[in-house]
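Quick note on labels: first sequence line is chain A, next is B, and so on, each numbered from 1.
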Protein chains: 2
Amino acid sequence: MGRLRKAERQNKLRDKLKENPFLVDKELAEMFEVSIQTIRLDRMELGIPEVRKRTKMVAKQAYSKVKSVQSGEIIGELVDIELDQNGLSILEVTEELCLEKTKIMRGHHIFAQANSLAVAIIDTDVALTGSADVRYNRPVYIGERLKAKARVDKAKENKFYVNVETKASEDIVFRGEFIIFSVDDDPDRKEV
Amino acid sequence: MGRLRKAERQNKLRDKLKENPFLVDKELAEMFEVSIQTIRLDRMELGIPEVRKRTKMVAKQAYSKVKSVQSGEIIGELVDIELDQNGLSILEVTEELCLEKTKIMRGHHIFAQANSLAVAIIDTDVALTGSADVRYNRPVYIGERLKAKARVDKAKENKFYVNVETKASEDIVFRGEFIIFSVDDDPDRKEV
DNA sequence: AAGAAAATTAGTACCTGGTCTTAATATAAG
DNA sequence: CTTATATTAAGACCAGGTACTAATTTTCTT
């Protein structure tokens, strides 16, 4: 890597750790061809904690993020629900939901919040999306707070027509009509 | 918690750590009212690593997951593209894209692949989804491989009509009509 | 109840990846 | 050359363990 002077090394150090927070001081020292103590001084000056704390931060953050953002059953936070009738979900627009360049939220995340809410309000073991018809009215930016309101308009056998309206402040930014199918494989539950 | 016998304690230990992998042996010892050595023996028998390794596993897993599933610019792998004309994207259906229970892929991920492909083929700095009309034809299961094909049907000024068809093996599982707007850093763009 | 087996607890040496502190050396700037 | 800045070194200490040995307690069996 060739030896760098302090300021430049510290910048690269910050970048390296952002890219890979699991590097230990020894590895960093070898990368930058300086002593381990220099790396520690650099971390101190930059306010970067040790590898175990960094790892823990990533883990904790990701743990809750993974839960709430993607692999949890709901995208966003379910704040109110009346099964088979309506529901409300709130989602903070964070950086990772946006296009890097413009800080505009990516459309499929807005869709995901609405879709998972539409699925969640159906009182059944398994609900699948059959179709969706959606409109995006204006871009949503990082830092905004999306309130998605879902309402079941019509239910016919295992077919639910769910309307979702998503607002940022007072603007309607998104509207969707979902058709959700309930697939109930629990024989003890009353057939709908 | 009241003292339990071995087998039961080990089960609860496993559950506790699944729920919260950040607990250290000392905390566990207090919870179960046994000595720290007992906890360590239990972990050994259950093949559960120490807290730092657990933390690291959570961090690494979540780190790559967050990267690949949500924050990358494209959902799926772009294998072919002709700007403003058509494109092909491939996505492996992995566990984290599915409902835990049924191993059926969640609808918004199918949407995300199609939507991000539709956006990607538009040759502009920023492309935003204006609307979408989509149909899901059959459930997609873990292990399948989704091929999404997008085609620009019509383009009018900054408005692109993009058709996406997603197949698993030879079945069409999803179809969508997207209207995408290109936004070429126009300072006159109406304020929001 | 006695004896064996299983489970639990105790204690010690050692490990990684640090922190915190003091001090010596190297390099650059005035 | 001298001072200031940067770098390296060295040592004591810490958390949260592993690995191992050994003692003690509880439980089961005969």
- Message: In this structure, how many angstroms lie between the P atom of dT8(D) and the CD atom of Glu30(A), rounded?
- Response: 13 Å
- Query: Any side-chain heavy atom of Phe178(A) sitting closer than 4.5 Å to one from Phe160(A)?
  - Reply: no
- Message: Distance check needed: dG18(C) C1' versus Leu23(A) CG, whole Å only.
- Response: 15 Å
- Task: Go through residues 39-55 of chain A and report each residue with a non-hydrogen atom lying under 4.0 Å from DNA chain C, sorted by number.
- Result: Arg40(A), Arg43(A), Glu50(A), Val51(A), Arg52(A)
- Item | Validation row: Glu27(B), Val24(B) side chains within 4.5 angstrom (heavy atoms) | yes
- So, is Arg9(A) close to the dT7(D) phosphate, meaning a side-chain N or O under 4.0 Å from OP1 or OP2? yes
- Whole-Å gap separating C1' (dT24(D)) and CD (Gln37(B)): 13 Å
- So, Thr94(B) and Glu96(B): side-chain donor and acceptor under 3.5 Å apart, yes or no? yes
- Note on the structure: To the nearest angstrom, the CD-P distance between Glu33(B) and dT25(D) comes to 19 Å
- Item | Heavy-atom pair of closest approach, residues Asn115(A) and His108(B) | ND2-N, 3.5 Å
- Query: Counting side-chain heavy atoms from CB outward, which of dT8(D), dT9(C), dA7(C) is closest to Val34(B)?
  - Reply: dT9(C)
- Message: For a quick test of reading the model: is some side-chain N or O of Ser35(B) closer than 4.0 Å to OP1 or OP2 of dT8(C)?
- Response: no
- What pair of heavy atoms forms the shortest contact from Leu17(A) to Arg54(A), and how long is it? CD2-NH2, 3.6 Å
- Item | Length of the line joining Lys6(A):NZ and dT8(D):P, which is rounded to integer Å | 12 Å
- Nearest-Å distance for atom pair CG/C1', residues Asp25(A) and dT19(C): 11 Å
- Task: Taking the six-membered ring of Phe32(A) (Phe, Tyr or Trp), confirm whether the NZ or CZ of Lys12(A) is under 6.0 Å from its centre and within 45° of its axis.
- Result: no
- Task: Could you state the atom-to-atom distance from CZ of Phe32(B) to P of dT8(C) in whole Å?
- Result: 12 Å
- Ile36(A) CD1 to dG11(D) P, in whole Å, measures 16 Å
- salt_bridge(Glu165(A), Lys147(A)) N-O dist < 4.0 Å: no
